[in-house]
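For reference, the structure I am asking about is given below.
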Amino acid sequence: TQLLEQSPQFLSIQEGENLTVYCNSSSVFSSLQWYRQEPGEGPVLLVTVVTGGEVKKLKRLTFQFGDARKDSSLHITAAQPGDTGLYLCAPRSNDYKLSFGAGTTVTVRA
Amino acid sequence: GAVVSQHPSWVICKSGTSVKIECRSLDFQATTMFWYRQFPKQSLMLMATSNEGSKATYEQGVEKDKFLINHASLTLSTLTVTSAHPEDSSFYICSPGVAGGYEQYFGPGTRLTVT
């Protein structure tokens with residue numbers, strides 16, 4: 001069984017500050033996806049990382065996939081209130097199932 | 001991105017009754033459907049996986065006779081919560097996917113409250 005950990009569990013920061021969310025596993029990911037979920041809505045895909053060492057940028061969001069493909073991070077620069085939400089990492093299994101981490105609840109205060 | 005709808009968006013029912021939740025992929029054909037459940041302040045937990053025209057495969061701990069899944073077409077899947085109890089109150093989210101694709105889309109969710 002793959003153990004998936006996300007940290008921190010909660011993060012509250014002031015607008016304009018930076019933040020980093022981590023996703024770690026005891027197993028190697030074939031690929032991993034990051035999602036953001038707002039209250040009362042379904043998750044929305046942010047990015048898919050596949051290659052070890054890969055770095056992807058989406059505006060103020062930077063995603064890194066560890067060289068060994070066991071960990072990933074999401075860094076947000078100059079956070080805005082619109083970044084508030086539950087951030088979920090989800091590795092994909094070979095049968096395309098997603099197993100979600102516990103998530104990091106991010107609150108950006110104006 | 002693909003458009004996924006769920007109906008109803010929220011429902012309140014009495015204990016012992018059954019509730020049907022519909023999930024539609026509006027602009028693509030979903031060969032696979034995943035159903036998730038999310039309790040307050042928690043992450044999504046996969047309940048079951050179904051392929052069009054086949055019986056669903058349930059995750060460990062999920063009662064197949066209680067959560068009936070039908071995936072009769074490539075654009076529609078339904079989840080029926082039978083004999084609902086207060087502990088079934090949760091946020092149910094469907095996720096249609098295309099076999100072999102990286103993209104997986106999520107519905108907006110259905111909030112079920114059992115009184």
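By convention in this document, chain letters (A, B, ...) are assigned in the order of the sequence lines, proteins followed by strands, and residues within each chain are numbered from 1. The basis for the numbers below is simple: all heavy atoms, side chains too, and nothing from hydrogens, waters or symmetry mates.
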Requested in this report: Between chain A and each of B:Ser95, B:Gly109, B:Ser43, count heavy-atom pairs under 4.5 Å; write down the option with the most.
Outcome: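 Greatest number of close heavy-atom pairs with chain A: B:Ser43.
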Could you tell me whether B:Lys20 and B:Glu22 have a side-chain N and a carboxylate O separated by less than 4.0 Å?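 Looking at B:Lys20 and B:Glu22, the cut-off is not met.
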Identify which part of A:Gln9 has an atom lying under 4.5 Å from any heavy atom of chain B, answering side chain, backbone, both or neither.
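For A:Gln9, neither part sits under 4.5 Å from chain B.
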**Request:** Against chain B, work out which of A:Pro39, A:Gly40, A:Gly103 has the most heavy-atom pairs shorter than 4.5 Å and name it.
**Result:**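 Among A:Pro39, A:Gly40, A:Gly103, the one with the most close pairs to chain B is A:Gly40.
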Does either side chain, that of A:Gln37 or that of A:Tyr35, offer a donor lying less than 3.5 Å from an acceptor on the other one?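 Their side chains do not contain a donor-acceptor pair, so the 3.5 Å distance test is not met.
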Inset, instruction - Please say whether more than 12 non-hydrogen atoms of neighbouring residues, nucleotides or ligands are located less than 6.0 Å from NE2 in B:His85. - result: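 Correct, the count exceeds 12.
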Q) Contact part of B:Gln6 toward chain A, heavy-atom cut-off under 4.5 Å: side chain, backbone, both or neither? A)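 Contact with chain A: none, neither part.
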Between A:Trp34 and A:Ser72: side-chain donor-acceptor atoms closer than 3.5 Å
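Yes, A:Ser72 and A:Trp34 have a side-chain donor paired with an acceptor closer than 3.5 Å.
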Side chain, backbone, both or neither: which part of B:Leu46 has an atom under 4.5 Å from a heavy atom of chain A?
->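 Interface part for B:Leu46: side chain.
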Notebook entry, point to check: Between A:Phe100 and B:Phe106, what is the ring plane arrangement, given parallel below 30°, perpendicular above 60°, and tilted in between?
Noted result: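 Perpendicular: the ring planes of A:Phe100 and B:Phe106 meet at over 60°.
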